K.L.:
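Quick one: the structure is below, questions incoming.
All values derive from a computational prediction rather than experimental measurement.
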Amino acid sequence: MHAIRHTVVAAALVLASAAALAQDKAVYHVNDAEASALGALRNMKNHLDVDPTAKLTLVAHAQGVDFLMNGAKDKNGALYSGTVAALKARGVNFEICEITLKNRKLNKDQFILEAEFTPSGVVRLAKLQKEGAAYIKP
């Protein structure tokens, strides 16, 4: 009887692990806000509309951090912050490269609350890909 119970528990753990591994993961890379931030935000919304369980991360560095600054607006004059907040509420992580902050003499308090920080944007991109995240460059 114990052997059957252990087998059932083991099978349940294997299935749970497989389900966790099956979850889509993607990292969106933005290094030029003017050229690709709006497209990245639109792509992530579409991604989640089709697969609400996907784990998405956006990594921004260089000029890509600009759309995550307080008061930043797109080419149509709309604030990025509303779209970012809506995506954050759906589980998207927005990560800013701290090397970029240092090189551009920017401070963390210049960015919207939804933004998180990572020591190196390119290292973070590599680590997320190594962990199985698909790389997307809008």
K.L.:
So, taking the atom named NZ in Lys55 and the one named CG in Leu48, what distance separates them when rounded to the nearest 0.5 Å?
P.N.:
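Nearest 0.5 Å value for the NZ-CG distance: 11.0 Å.
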K.L.:
Taking atom CG of Asn70 and atom CD1 of Ile112, what is their separation to the nearest 0.5 Å?
P.N.:
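So the CG of Asn70 and the CD1 of Ile112 are separated by 7.5 Å.
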K.L.:
Can you name the one residue among Leu56, Val92, Asn93 that meets side chain to side chain contact (heavy atoms under 4.5 Å, CB included) with Leu87?
P.N.:
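Exactly one option meets the side chain to side chain contact (heavy atoms under 4.5 Å, CB included) with Leu87, and it is Val92.
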K.L.:
Please test Arg90 against Met44 for side chain to side chain contact (heavy atoms under 4.5 Å, CB included), starting from the C-alpha separation and ending with a verdict.
P.N.:
CA-CA 10 Å; Arg90 294 178 74 182; Met44 288 188 299; over 6 Å; no
K.L.:
Does Leu106 belong to the same Ile/Leu/Val/Met/Phe/Trp/Tyr cluster as Ile99, with side-chain heavy atoms less than 4.5 Å apart forming each link?
P.N.:
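Leu106 does not cluster with Ile99.
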K.L.:
In terms of hydrophobic clusters joined by side-chain contacts under 4.5 Å, are Leu58 and Leu79 together?
P.N.:
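Different hydrophobic clusters.
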K.L.:
Only pairs under 3.5 Å count here: list side-chain donor-acceptor contacts from residues 113-128, not counting sequence neighbours, and write none if there are none.
P.N.:
| unit_1 | atom_1 | unit_2 | atom_2 | d |
| --- | --- | --- | --- | --- |
| Glu116 | OE2 | Lys88 | NZ | 2.5 |
| Ser120 | OG | Val123 | N | 3.3 |
| Arg124 | NE | Glu95 | OE1 | 2.6 |
| Arg124 | NE | Glu95 | OE2 | 3.4 |
| Arg124 | NH2 | Glu95 | OE2 | 3.1 |

K.L.:
Quick test of your reading: applying side-chain hydrogen bond (donor to acceptor under 3.5 Å, both in side chains), list the pairs with at least one residue in residues 129-138, sequence neighbours left out, ordered by first then second residue.
P.N.:
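Those involving residues 129-138 are His29-Tyr135, Asn31-Lys137.
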K.L.:
Verify salt bridge (Lys or Arg N to Asp or Glu O under 4.0 Å) between Lys75 and Glu34, making sure each step is shown before the conclusion.
P.N.:
CA-CA 8 Å; Lys75 62 186 173 203; Glu34 188 175 334; over 6 Å; no
K.L.:
What is the distance from atom OG of Ser36 to atom CZ of Phe67, rounded to the nearest 0.5 Å?
P.N.:
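The CZ atom of Phe67 is 8.0 Å from OG of Ser36, to the nearest 0.5 Å.
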K.L.:
Measuring from atom CG of Asp74 to atom OG1 of Thr83, what distance do you get when rounded to the nearest 0.5 angstrom?
P.N.:
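Going from CG on Asp74 over to OG1 on Thr83, the span is 7.5 Å.
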K.L.:
How far apart are the C-alpha atoms of Leu41 and Tyr28, what are their side-chain angles, what is the distance that settles it, and do they pass the side chain to side chain contact (heavy atoms under 4.5 Å, CB included) test?
P.N.:
CA-CA 9 Å; Leu41 295 172; Tyr28 286 77; over 6 Å; no
K.L.:
Could you walk me through whether Val30 and Val59 pass side chain to side chain contact (heavy atoms under 4.5 Å, CB included), step by step?
P.N.:
CA-CA 6 Å; Val30 175; Val59 175; over 6 Å; no
K.L.:
Quick one, Ile96 and Leu68 - any side-chain contact, counting heavy atoms below 4.5 Å?
P.N.:
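Answer yes - side chains close enough.
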K.L.:
At what distance, to the nearest 0.5 angstrom, does NE2 of His61 lie from CZ of Arg104?
P.N.:
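Rounded to the nearest 0.5 Å, the NE2-CZ separation comes to 11.5 Å.
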K.L.:
Not counting sequence neighbours, list each pair that qualifies as a ring pair (Phe, Tyr, Trp, His ring centres under 6.0 Å) and has a residue in residues 30-51.
P.N.:
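Qualifying pairs: none.
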K.L.:
Grab the two heavy atoms, one from Pro138 and one from Gly39, that are nearest each other, plus how far apart they are.
P.N.:
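What the structure gives for the nearest pair is CB-C, 4.2 Å.
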